[in-house]
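Proteins come first, then strands; the chains are lettered A, B, ... in the order of their sequence lines, and each starts at number 1.
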2 protein chains.
Amino acid sequence: MDTASPKTRTRIQKQKRELILEAALEVFSQHGFRGSTIDQIAEAAGMSKPNLLYYFRSKEDIHHTLIQRLLDTWLAPLRELDDVGDPLTELRGYIRRKLEMARDFPRESRLFANDILQGAPRAMPMLEDELKTLVDEKAEVILGWMKAGRIARTDPRHLIFSIWATTQHYADFDVQVRAVLGPGRDGEGRFEDAARFLEQLFMDGLKPKG
Amino acid sequence: MDTASPKTRTRIQKQKRELILEAALEVFSQHGFRGSTIDQIAEAAGMSKPNLLYYFRSKEDIHHTLIQRLLDTWLAPLRELDDVGDPLTELRGYIRRKLEMARDFPRESRLFANDILQGAPRAMPMLEDELKTLVDEKAEVILGWMKAGRIARTDPRHLIFSIWATTQHYADFDVQVRAVLGPGRDGEGRFEDAARFLEQLFMDGLKPKG
DNA sequence: GCCATTTTTGACCGATTGGACAAACGTTAG
DNA sequence: CTAACGTTTGTCCAATCGGTCAAAAATGGC
């Protein structure tokens, strides 16, 4: 058979590929590309290494498929940022959705972070294409709000960076956050604390009321 | 001789060790621990692999020495945060110093980020000890400012996280920032844009004036 | 039940890796 | 000059890695 042509894939092949991708996400997000071995992924997927290589041509192939497939999910919150609607409400919503993604999909966040940290050897084409296009489009929307005096005037792209940075921080640097905060509040409590803080930061900053 | 006992190290040994650590910082920060090889570090340091292993017992030893030594530098900006002095000025200063570190020492930032992303297998002891202690101390200072009504009331620890996240983002995700912004503004211009944006964000937030 | 196709596996391979080691080299004090 | 010590290197090793391959096992259509 030919696992390379998506047309002819049986239901079993699709299932196994999904199983492998799920296992690979777990392993890659924890150890990075070079730090992960095919054996680890195979074991996590409950199959032998040659068996895994029957469904994917190579380790590179798995990683590429994974990162390609997850990009849409990852960019979805920004896509929802809507031109119509109240600007502050839209941005608050974006921040919250992004924070929810960091809470619900930390592995996906770390998968991208691992690659980008090392110079994006695998994600670069998508950064320059889909990501840049989307950011350009949304930066224009935000700029429109600023020009209309509906939000403060700043650099829209750096605003987007700061939203990415602050939200993804809770996924990418989770162990550090945990080490600093101690065992006091659990996952859900921490999430609410972060949400409250970020809302206040992005809305009003640090200056005292008055 | 015995490179393990710091007491008996000659000047040449110290020099060579510095040379190796500099090379190792370059390599580790680009490829992570597992992605780096002793050969790469040795070549970057201009010596042979066995020669390098004459000065450091193992790859792990190099990484450990590096991360241990760099922690103080990395935490210095936060240490400077001073109880006396105007709170908003202090925080603005901290943000700027941290952003300067991201600009001037991106390799150090990536070295830590690489480790923490993968569960901090090597940095964890320091996170729980020195880092937590320092954050606890400074969080108390910030909390004092809040209680005195001199800055807005929020969670001081999440405030520190957000400063780390937004500033280090420019070091850790440099390639992504570059891909999104395009080749327009160079390093120094980008830095000034980021500084201006972050100052405004942390001071006033996004609400329009009025 | 039988055959063709798909799936799974054990055995294997070449390349790379971290590290050991002894021999060679350089330097310097006496 | 030379013995002692610090430094450097070529060679080697065992382990691990990504990936191949042929044969075995399971599956499904007839």
Side-chain angles (χ1 to χ4, degrees), chain A residues 1-24 26-28 30-67 114-115 118 121-122, chain B residues 1-21 23-28 30-67 114-115 118 121-122:
Chain A
M1 63 126 233
D2 180 13
T3 40
S5 41
K7 283 289 182 186
T8 62
R9 266 183 215 137
T10 70
R11 196 177 59 258
I12 286 208
Q13 279 166 15
K14 283 180 187 170
Q15 276 174 215
K16 293 277 179 158
R17 282 176 63 95
E18 290 308 316
L19 194 71
I20 292 168
L21 289 174
E22 158 63 29
E26 185 70 26
V27 175
F28 279 140
Q30 266 180 53
H31 306 107
F33 184 79
R34 277 219 48 179
S36 305
T37 71
I38 299 185
D39 272 312
Q40 279 177 319
I41 300 171
E43 198 196 323
M47 61 180 72
S48 66
K49 180 170 67 169
N51 196 193
L52 182 150
L53 286 167
Y54 171 73
Y55 291 105
F56 286 92
R57 268 189 298 275
S58 65
K59 184 180 170 183
E60 195 75 55
D61 186 20
I62 304 174
H63 194 274
H64 181 257
T65 305
L66 209 47
I67 217 167
N114 257 309
D115 193 63
Q118 307 187 358
R122 292 161 239 284
Chain B
M1 63 119 241
D2 180 13
T3 39
S5 40
K7 283 289 181 186
T8 62
R9 268 185 214 135
T10 71
R11 197 175 59 257
I12 286 209
Q13 280 166 15
K14 283 180 186 170
Q15 277 174 215
K16 293 277 178 158
R17 281 175 64 95
E18 289 309 315
L19 194 72
I20 292 168
L21 288 174
L25 173 60
E26 184 71 25
V27 175
F28 279 140
Q30 265 180 53
H31 309 288
F33 183 79
R34 275 221 48 180
S36 305
T37 71
I38 298 184
D39 272 313
Q40 280 177 320
I41 299 171
E43 198 196 324
M47 61 180 73
S48 65
K49 181 169 64 168
N51 197 191
L52 183 150
L53 285 168
Y54 171 73
Y55 292 104
F56 285 93
R57 268 191 297 277
S58 66
K59 185 180 168 183
E60 195 80 48
D61 186 20
I62 304 173
H63 194 275
H64 181 257
T65 304
L66 208 48
I67 217 167
N114 256 310
D115 193 64
Q118 306 187 359
R122 291 161 239 284

Review point. Under 3.5 Å, is there a donor-acceptor pair between the side chain of A:Lys16 and the main chain of A:Asn51?
Key: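 No: the side chain of A:Lys16 does not pair with the backbone of A:Asn51.
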Starting at [atom1] of [X] and ending at [atom2] of [N], how long is that distance when rounded to a whole Å?
| X | N | atom1 | atom2 | result |
| --- | --- | --- | --- | --- |
| B:Lys14 | D:dT7 | NZ | P | 13 Å |
| A:Gln15 | C:dT7 | CD | C1' | 14 Å |
| A:Leu19 | C:dT7 | CG | P | 14 Å |
| A:Glu43 | D:dG18 | CD | P | 14 Å |

Exercise for review: Mind checking side chain to side chain donor-acceptor pair (under 3.5 Å) for B:Glu43 and listing every partner two or more places apart, or none if nothing turns up?
Suggested key: none
Practice item. Apply side chain to side chain donor-acceptor pair (under 3.5 Å) to A:Glu22 and list each qualifying residue two or more places apart in sequence or on a separate chain. Key: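 Result, side chain to side chain donor-acceptor pair (under 3.5 Å) vs A:Glu22: A:Arg107.
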Check your understanding: Can you name the residues that form a ring-ring contact (aromatic ring centres under 6.0 Å, His included) with B:His31, not counting sequence neighbours?
Key -> none
Exercise for review: Treat primed atoms plus P, OP1 and OP2 as sugar-phosphate and everything else as base, then score nucleotides 9-27 of chain C 5' to 3': B for base contact with protein heavy atoms under 4.0 Å, S for sugar-phosphate contact only, - for none.
Suggested key: BBB-----SBBBB------
Check your understanding: Is there a side-chain polar atom (N or O) of A:Gln13 under 4.0 Å from OP1 or OP2 of C:dT6?
Key ->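 For C:dT6, neither OP1 nor OP2 has a side-chain N or O of A:Gln13 closer than 4.0 Å.
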Check your understanding: What residues, two or more places apart in sequence or in another chain, satisfy salt bridge (Lys or Arg N to Asp or Glu O under 4.0 Å) together with B:Lys49?
Key -> B:Asp39
Practice item. Check side-chain contact (heavy atoms from CB on, under 4.5 Å) between A:Thr65 and all other residues, then give those that pass, not counting sequence neighbours. Key: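 By the side-chain contact (heavy atoms from CB on, under 4.5 Å) rule, A:Thr65 matches A:Arg17, A:Leu21, A:Phe56, A:Asp61, A:Arg69.
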